[in-house]
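Encoded as structure tokens, the structure appears first; notes follow it.
Starting from 1, each residue takes its place in the sequence as its number. The analysis underlying the following values was restricted to heavy atoms, covering all of them including side chains, and did not include hydrogens, waters or symmetry mates. Everything numeric in this text was worked out from a predicted model, so none of it was measured.
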Amino acid sequence: VGGMAGAAVGKRGNKTGGGGSGLASMQSVIGGVAMAMGALKGIGAGFHAFDNPAGIAGTFDKTLVGAGAIMGIGWKTHAADMKLLEKAAINAGIATQFSPVEAAQGLELLGQSGYNATEATKLLIPTLDLAAGGQISVAQAAATTSAAVKIFGLNMDQAKVATDKLLRISNATALTANDLQISLGNVSRGAIVTGQSLDEMLPSIGLVKNAGVAASVASSSVSSALLM
């Protein structure tokens, strides 16, 4: 009996020991799952730090309202125009590498150049394309696009072709995208007085720039030559 009791105790002891080992394994698995979930949660938090829909929406709305204010319009008095700006900024955020907020900032900058809602929305994509292709800021691209349109008397629908030409000349000559704004400004007097086109002025400035002079000097030289 004593032997049987001892064997029974031994079996109970073995079962207890086996149960303890199984429990430890289960606890280890649970711990691993918890750690994995914690890591995923941390990664998710990292992503959400850069993705705050409410914050982005607020910034977008404020920028859009700011653009409208510069143009003299608002949601209460010019809802159709504001809707036009809103749609243009959202579409630009899809069609270009820039976000809707950055596109709205582009509209704001174009408003500062004197364009109304309809004009600014037509100039927006060409402006953003120039910024991306020339690797310049949206502000500089807006100023350059505006200069090209105003100096050479282009309509809004010609802006896309104009910015394409600006990018091409910056790739074909020593004239860089950073040089375009000041070059257009410097050549404007000669170009306007003599009725020269953008197609005529860009190669001329580029060729002079290829001689190793600064863009400001090259464009001023071309303007002076036209006025002689």
| message | Please report the interatomic distance CZ(Phe60) to CD1(Ile90), rounded to the nearest 0.5 Å. | response | 4.5 Å

| field | Those residues that, when tested against Lys83, pass salt bridge (charged side-chain N to carboxylate O under 4.0 Å, His left out) (two or more places apart) | value | Glu86

Side chains of residues 192-211: which donor-acceptor partners sit under 3.5 Å, not counting sequence neighbours?
| unit_1 | atom_1 | unit_2 | atom_2 | d |
| --- | --- | --- | --- | --- |
| Thr194 | OG1 | Gly190 | O | 2.5 |
| Ser197 | OG | Asp199 | N | 3.4 |
| Ser197 | OG | Glu200 | N | 3.3 |
| Ser197 | OG | Glu200 | OE1 | 3.3 |
| Asp199 | OD1 | Lys165 | NZ | 2.6 |
| Asp199 | OD2 | Lys165 | NZ | 3.0 |
| Glu200 | OE1 | Ser197 | N | 2.8 |
| Ser204 | OG | Glu200 | O | 3.0 |
| Lys209 | NZ | Ala174 | O | 3.4 |
| Asn210 | OD1 | Ala174 | N | 2.7 |

| Is Leu84 linked to Leu64 within one hydrophobic cluster, defined over Ile, Leu, Val, Met, Phe, Trp and Tyr using a side-chain heavy-atom separation of less than 4.5 Å? | no

| Contact summary for Ser183 and Ala215, nearest pair of heavy atoms | OG-CB, 3.7 Å

| message | Nearest 0.5 Å, please: how far is CG in Asp81 from CD1 in Ile73? | response | 4.5 Å

Extract all donor-acceptor atom pairs below 3.5 Å that involve side chains of residues 118-127 and protein atoms in other chains or at least two apart in sequence.
| unit_1 | atom_1 | unit_2 | atom_2 | d |
| --- | --- | --- | --- | --- |
| Glu119 | OE1 | Asn116 | N | 3.0 |
| Thr121 | OG1 | Ala117 | O | 3.1 |
| Thr121 | OG1 | Thr118 | O | 2.8 |
| Thr127 | OG1 | Leu123 | O | 2.8 |

| request: Can you see which heavy atom on Ala92 is nearest to which on Ala103, and at what distance? | output: CB-CB, 3.8 Å

| field | Closest contact, heavy atoms only, Val213 versus Ala218 | value | CG2-CB, 3.8 Å

| task | Sort and list the pairs that fulfil side-chain hydrogen bond (donor to acceptor under 3.5 Å, both in side chains) and have at least one residue in residues 87-111, not counting sequence neighbours. | result | Ser99-Glu102

| request: Indicate yes or no for a side-chain donor-acceptor contact from Ser220 to the backbone of Val217 under 3.5 Å, with no hydrogens or angles considered. | output: no

| Nearest heavy-atom neighbours spanning Ala142 and Leu109 | CB-CB, 4.0 Å

| Same apolar cluster (I L V M F W Y, side chains within < 4.5 Å links), Trp75/Ile70 | no

| Mind checking whether Leu85 and Met82 have side chains closer than 4.5 Å, heavy atoms only? | yes

| Can any side-chain N or O of Asp61 pair as donor or acceptor with the backbone N or O of Gly58 at less than 3.5 Å? | no

| said: Tell me the closest heavy-atom pair linking Gly133 and Leu167, and the distance in Å. | reply: C-CD2, 3.6 Å

| message | Applying side chain to side chain donor-acceptor pair (under 3.5 Å), can you list everything that pairs with Ser216, at least two apart in sequence or on another chain? | response | none

| task | Report the distance from atom CG of Leu184 to atom CG of Asp179, rounding to the nearest 0.5 Å. | result | 10.5 Å

| task | May I ask you to decide whether Asp164 forms a salt bridge with Lys160, counting only side-chain N to carboxylate O separations under 4.0 Å? | result | yes

Could you pull out all donor-acceptor pairs under 3.5 Å where a side-chain atom in residues 143-151 meets a protein atom, sequence neighbours excluded?
| unit_1 | atom_1 | unit_2 | atom_2 | d |
| --- | --- | --- | --- | --- |
| Thr144 | OG1 | Gln140 | O | 2.8 |
| Thr145 | OG1 | Ala141 | O | 2.9 |
| Ser146 | OG | Tyr115 | OH | 3.2 |
| Lys150 | NZ | Ser113 | O | 2.4 |

| request: Give the cluster check for Ile169 versus Leu154: same hydrophobic cluster or not, with ILVMFWY residues linked at side-chain heavy-atom distances below 4.5 Å. | output: yes

